[in-house]
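Data block below; observations after.
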Amino acid sequence: MLGGTGLIGGHAARALLHAGATVRILTRDPSNVGGLLGGPIEVMQGDAQQREPLRRAIEGCRYIVHSAAPYPRSAFGVAAQVATAVAATELFLEEAGRMAPVDRIVYVSSITTIGHPAGPRPATEDDPWDPSQDTSPYFQMKGRMEERVLAAAHAGLPVTIVNPTLTIGAHDRALTTGRLLLPLARGQMPVYLRGIINAVAASDVAEAIVSALDHGRVGQRYILGGENREAREFLAIAARIAGVPTPRIPLPLSLAEGIAWLTEIGHRFARAGWPLFPVSGIRMMRHSQPVDSSLARRELSLRETPIESALDEAYRWYRDAGLF
């Protein structure tokens, strides 16, 4: 596994262990493996964007799960960030192509690479990504990386793509979804953005990834999602579980984007961690849409855990970790 310590990667590693697999994880920081230890896991320290660690990690593996795609740290420097991400993807595809026999690769992409349908229906895997839809780093990185993976699949590499929606669950060490859920739980989110939120339990995503290793079609994308809900409805459920008031003031997307750019500028000058209010999050709401996960339910047996259960699990973990 590449990236087996993040929210999705960690849950996928657990699901693989439960399925009886022996798991090898490549990670920059082995201490992040934490609760995964105890099963038949080999932990390798290294960067998936460097050839030698990558080669050692995938050598001899029949199945590979790639959930280590680069993530933009800023809304600035689009070309450089996209070039780095594409180079990392091409390096992985090149090395994976050298390793024979590889039975199946599952590449974890993003829901942002699913395009908008022409008519009034939920988006499906058949709706192509439109590079002109949004030029921000996150959209461009995810789209260009997936393009390279699809091209490799068409050239014969046995790779299947999964496109998770907003993924929620415990063990969110990198605070992937925590950047939304924790400010809400701390009472720091009096406003909300209008749009659609499709959320899915991390455990359901993980099980579908394991299923994709056996049953996924080469070159096929699979949307891994749950119910489509209005953002305010989703946040009301999350607020009730966290025990805080529901955000009731709608914030116009144009105003939210302006605020986000100010926090991005401040982050750039301070050279701090993540921006307080990243532009990518606003852009995701601007382009949010209902999606259809029925293909993954049919072919990968994607479960539909109630989102209330996933939120309860996530908030229990955040609370136990002392994060709110």
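All values reported here derive from a predicted model rather than from experimental measurement. Note that these values count all heavy atoms, side chains included, but never hydrogens, waters or copies made by symmetry.
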Linked, directly or transitively: Val65 and Ile25 (ILVMFWY side chains, under 4.5 Å) = yes
Residues Asp134 and Gln140: side-chain donor-acceptor under 3.5 angstrom = no
Let me see the working for Arg232 and Glu230 under salt bridge (Lys or Arg N to Asp or Glu O under 4.0 Å), right down to the final yes or no.
-> CA-CA 6 Å; Arg232 184 179 178 184; Glu230 293 290 338; over 6 Å; no
Sub-6.0 Å ring centroid separation between Phe324 and Tyr315 = yes
Grab the two heavy atoms, one from Gly219 and one from Ala153, that are nearest each other, plus how far apart they are.
-> CA-CB, 3.6 Å
Could you check whether the rings of Phe139 and His287 sit parallel, tilted or perpendicular, using 30° and 60° as the cut-offs?
-> perpendicular
Does a donor on one side chain sit under 3.5 Å from an acceptor on the other, for Tyr138 and Ser110?
-> yes
Between Glu299 and His215, is any side-chain donor less than 3.5 angstrom from a side-chain acceptor?
-> no
Nearest heavy-atom pair of Leu91 and Gln49: which atoms, and what distance?
-> CD2-O, 3.4 Å
Okay, side chain of Glu264, backbone of Phe76: is any donor-acceptor separation there less than 3.5 Å?
-> no
Of Glu257, Gln133, Arg194, which meets side chain to side chain contact (heavy atoms under 4.5 Å, CB included) against Arg286?
-> Glu257
Under 4.5 Å between side-chain heavy atoms, hopping through other hydrophobics if needed: is there a path connecting Val82 to Tyr107?
-> yes
d(Ile64 CD1, Glu95 CD) to nearest 0.5 Å is 10.0 Å
Taking all atoms of both residues into account, what is the closest heavy-atom pair of Ser109 and Lys142, and its distance?
-> OG-O, 4.4 Å
Is the number of heavy atoms from other residues, nucleotides or ligands under 6.0 Å of His116 NE2 greater than 12?
-> yes
Do the side chain of Arg121 and the main chain of Pro117 share a donor and acceptor less than 3.5 angstrom apart?
-> no
Indicate if Ile196 and Leu235 have the same hydrophobic cluster label, given that clusters are the connected sets of ILVMFWY residues with side-chain heavy-atom separations under 4.5 angstrom.
-> no
Dump the intermediate steps for salt bridge (Lys or Arg N to Asp or Glu O under 4.0 Å) on Arg56 and Glu42, then the final yes or no.
-> CA-CA 12 Å; Arg56 291 196 306 269; Glu42 179 185 358; over 6 Å; no
State, with a plain yes or no, whether a side-chain heavy atom of Arg24 is found less than 4.5 Å away from one of Cys61.
-> yes
Are Leu2 and Val23 linked, directly or through other ILVMFWY residues, by side chains that come within less than 4.5 angstrom of each other?
-> no
For Arg62 and Asp103, work out which heavy atoms get closest and say how close.
-> NH2-OD2, 2.5 Å
Might you work through the side chain to side chain donor-acceptor pair (under 3.5 Å) test for Asp29 and Gln45, ending with a clear yes or no?
-> CA-CA 6 Å; Asp29 184 0; Gln45 184 171 12; 5.8 Å; no
Evaluate whether atom CZ of Arg98 has more than 12 neighbouring non-hydrogen atoms of other residues, nucleotides or ligands under 6.0 angstrom away.
-> yes
Would you say the side chains of Asp172 and Thr177 form a donor-acceptor pair under 3.5 Å?
-> no
If you group Ile, Leu, Val, Met, Phe, Trp and Tyr by side-chain heavy-atom gaps below 4.5 Å, do Ile282 and Leu181 land in one group?
-> yes
Reported CZ-to-CD distance for the pair Arg55 and Glu94, which is rounded to 0.5 angstrom | 8.0 Å
Among Val218, Val106, Leu150, Val108, whose side chain to side chain contact (heavy atoms under 4.5 Å, CB included) with Ile161 holds?
-> Leu150
Closest approach of Leu295 and Arg217, non-hydrogen atoms and distance?
-> CD1-NH2, 3.8 Å
Where is the tightest heavy-atom contact between Leu323 and Leu175, given as atom of each residue plus distance?
-> CD1-CD2, 3.7 Å
Between Gln220 and Thr160: side-chain donor-acceptor atoms closer than 3.5 Å | no
